[in-house]
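Taking it in order: structure first as structure tokens, then the write-up.
Just so it is clear, the values below take in all heavy atoms, side chains as well, and ignore hydrogens, waters and symmetry mates.
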Amino acid sequence: MHAFPTALRQWRRTRRLSQLDLATEAEVSPRHLAFLETGRSRPSRGMVLRLAEVMGLPHGDQNGLLSAAGFAPQFPVLPLAAEEMAQVRAAMGWMIDRHAPYPALILDRLWRIVAMNPPAARLFGAVGFVEGASLLDALSDATVFSTLIENWIEVGHHTALRLRAESARAGGIDALDRAVAALMANPEIAAHQPRATGRAILPTVYRLGDRRLAMFSTYAQFGAAEEVALSDMKIELMFPADAEAEAEFARLAEG
């Protein structure tokens with residue numbers, strides 16, 4: 001039982017909650033919570049899940065907290081090819097296929113490419129990205145994204161902030177933290193100061209041969225996802241950010 005008290009304390013501190021804060025939100029006495037954190041009391045399965053929910057733990061980490069307390073997992077871990085995931089696969093394919101002629105891709109928790117439509121394959125294939133490739137791994141090579149993205153310093157700084165926030169929400173993800181460190185090792189990205197521009201959104205300006213494509217993205221996630229990996233999966237739908245990019249994608253679609 002030593003694993004549970006330690007895990008509970010670490011998560012509470014990660015979420016910046018006092019014992020009183022967590023006890024109040026979970027509707028338990030501060031004394032009982034203190035006993036749980038010292039190992040003097042053993043939690044029920046329901047108590048573990050209640051504390052995990054109050055602290056906003058991702059499904060995989062809720063399973064981990066249950067395991068630390070000696071209980072079976074709550075949320076299933078299924079391969080995408082499993083029969084139970086057939087409707088999910090169909091929904092994924094429907095979304096990214098119908099997003100053409102614009103690029104769309106599906107990313108897992110660690111920013112690996114799970115699937116992408118043909119326009120995304122053309123765009124990202126220019127720098128060797130295929131299904132299964134990790135966008136995080138590519139951040140360790142300073143030339144990959146600077147070759148693909150014209151305004152990489154600006155986008156790289158924004159990416160570092162996004163990855164840092166994702167890691168913090170999840171209680172710390174080593175792969176994301178390493179990617180942030182790799183980005184900030186670039187002195188231009190580390191020193192970048194965002195300017196007030198009055199624009200509604202930051203475009204990412206891709207280079208595709210001699211073509212310049214300004215794009216922006218929106219991300220969709222699955223509501224009420226029970227499966228561990230699915231709860232963290234993101235569907236990135238990319239859109240043209242100017243008339244030039246819109247015309248170029250229309251031309252590519254006709255060709």
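Annotation: ring-ring contact (aromatic ring centres under 6.0 Å, His included) contacts of W152 (sequence neighbours excluded): F145. Residues passing the side chain to side chain contact (heavy atoms under 4.5 Å, CB included) test with L148 are F124, V127, Y206, sequence neighbours excluded. Every side-chain hydrogen bond (donor to acceptor under 3.5 Å, both in side chains) that R45 has, sequence neighbours left out, goes to Q74. Scored by the ring-ring contact (aromatic ring centres under 6.0 Å, His included) test, Y102 finds H99, F249 as partners (sequence neighbours excluded). Contacts of R40 classified as side-chain hydrogen bond (donor to acceptor under 3.5 Å, both in side chains), with partners at least two apart in sequence or in another chain: none. Checked against salt bridge (Lys or Arg N to Asp or Glu O under 4.0 Å), E154 has the following partners two or more places apart in sequence or in another chain: R199. Every residue two or more places apart in sequence or in another chain that forms a side chain to side chain contact (heavy atoms under 4.5 Å, CB included) with R207 is listed here: E150.
Every pair passing salt bridge (Lys or Arg N to Asp or Glu O under 4.0 Å) that includes a residue from residues 51-62 is listed here, sequence neighbours excluded: D61-R109.
Remark: the backbone N or O of G132 is not paired with any side-chain donor or acceptor of R112 at under 3.5 angstrom. Panel note: side chain E227, backbone L78; a donor-acceptor pair is recorded below 3.5 Å. No donor-acceptor pair under 3.5 Å is formed between the side chain of N117 and the backbone N or O of D97. In this structure, the side chain of S67 does not engage the main chain of N63 through any donor-acceptor pair within 3.5 Å. Counting only distance, with no hydrogens or angles, the side chain of N151 and the backbone of V205 share a donor-acceptor pair below 3.5 Å.
E226 approaches F75 most closely through the heavy-atom pair O-CB, 3.3 Å. Minimum heavy-atom separation, L17 to D21: CD2-CB, 4.0 Å. Nearest heavy atoms, P203 versus V155: O-CG2, 4.1 Å. A pairwise comparison of heavy atoms in F129 and S134 identifies CE2-O, 4.1 Å as the closest pair. In terms of heavy atoms, V54 sits closest to A26 at CG2-CA, 3.9 Å. Shown here for F4 and A69, the closest heavy-atom pair between the two residues is CD1-CB, 3.7 Å.
The NE2 atom of H59 lies 10.0 Å from the CG atom of L57; values are rounded to the nearest 0.5 Å. The distance from the CG atom of L8 to the CZ atom of R13 is 9.5 Å, given to the nearest 0.5 Å. Here the straight-line distance linking atom CZ of R50 with atom CD of E25 works out to 12.0 Å at 0.5 Å rounding.
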Only distances under 3.5 Å count here; give the side-chain donor-acceptor pairs of residues 228-243 to other protein atoms, sequence neighbours excluded, each with its distance to 0.1 Å.
from	atom 1	to	atom 2	distance (Å)
S231	OG	V228	O	2.6
K234	NZ	D108	O	3.2
E236	OE2	S217	OG	2.5
E236	OE2	Y219	OH	3.3
D242	OD1	E244	N	3.3
D242	OD1	A245	N	2.8

Acceptor/donor pairs from residues 87-94 side chains to any protein atom, 3.5 angstrom cut, sequence neighbours excluded:
from	atom 1	to	atom 2	distance (Å)
R89	NH1	L80	O	2.6
R89	NH1	A81	O	3.4
R89	NH1	A82	O	2.8

Let me have the donor-acceptor pairs involving side chains of residues 162-173, under 3.5 Å, with sequence neighbours excluded, atom names and distances please.
from	atom 1	to	atom 2	distance (Å)
R162	NE	E166	OE2	3.4
E166	OE1	W111	NE1	3.2
S167	OG	I173	N	2.9
S167	OG	D177	OD1	2.7

Check: residues 178-192 side-chain donor-acceptor pairs under 3.5 Å, at least two apart:
from	atom 1	to	atom 2	distance (Å)
N186	OD1	E188	N	2.8
N186	OD1	I189	N	3.4

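Side-chain heavy atoms closer than 4.5 Å link hydrophobic residues (I, L, V, M, F, W, Y) into clusters, and following such links, even through other members, never connects M47 to F35.
You'll find the side chain of L136 reaches within 4.5 Å of the side chain of L139, heavy atoms only. Side-chain atoms of L51 and L36, non-hydrogen and from C-beta on, do get closer than 4.5 Å to each other. Residues L135 and L107 are in side-chain contact: their nearest non-hydrogen atoms beyond the backbone lie under 4.5 Å apart. Taking 4.5 Å as the limit, every side-chain heavy atom of P79 sits out of range of all side-chain heavy atoms of M85. Residues M116 and I113 meet the side-chain proximity criterion, which asks for heavy atoms closer than 4.5 Å. Taking the side chain as every heavy atom from C-beta outward, R15 and Q10 never approach each other to under 4.5 Å. A heavy-atom distance below 4.5 Å is found between the side chains of P30 and L20.
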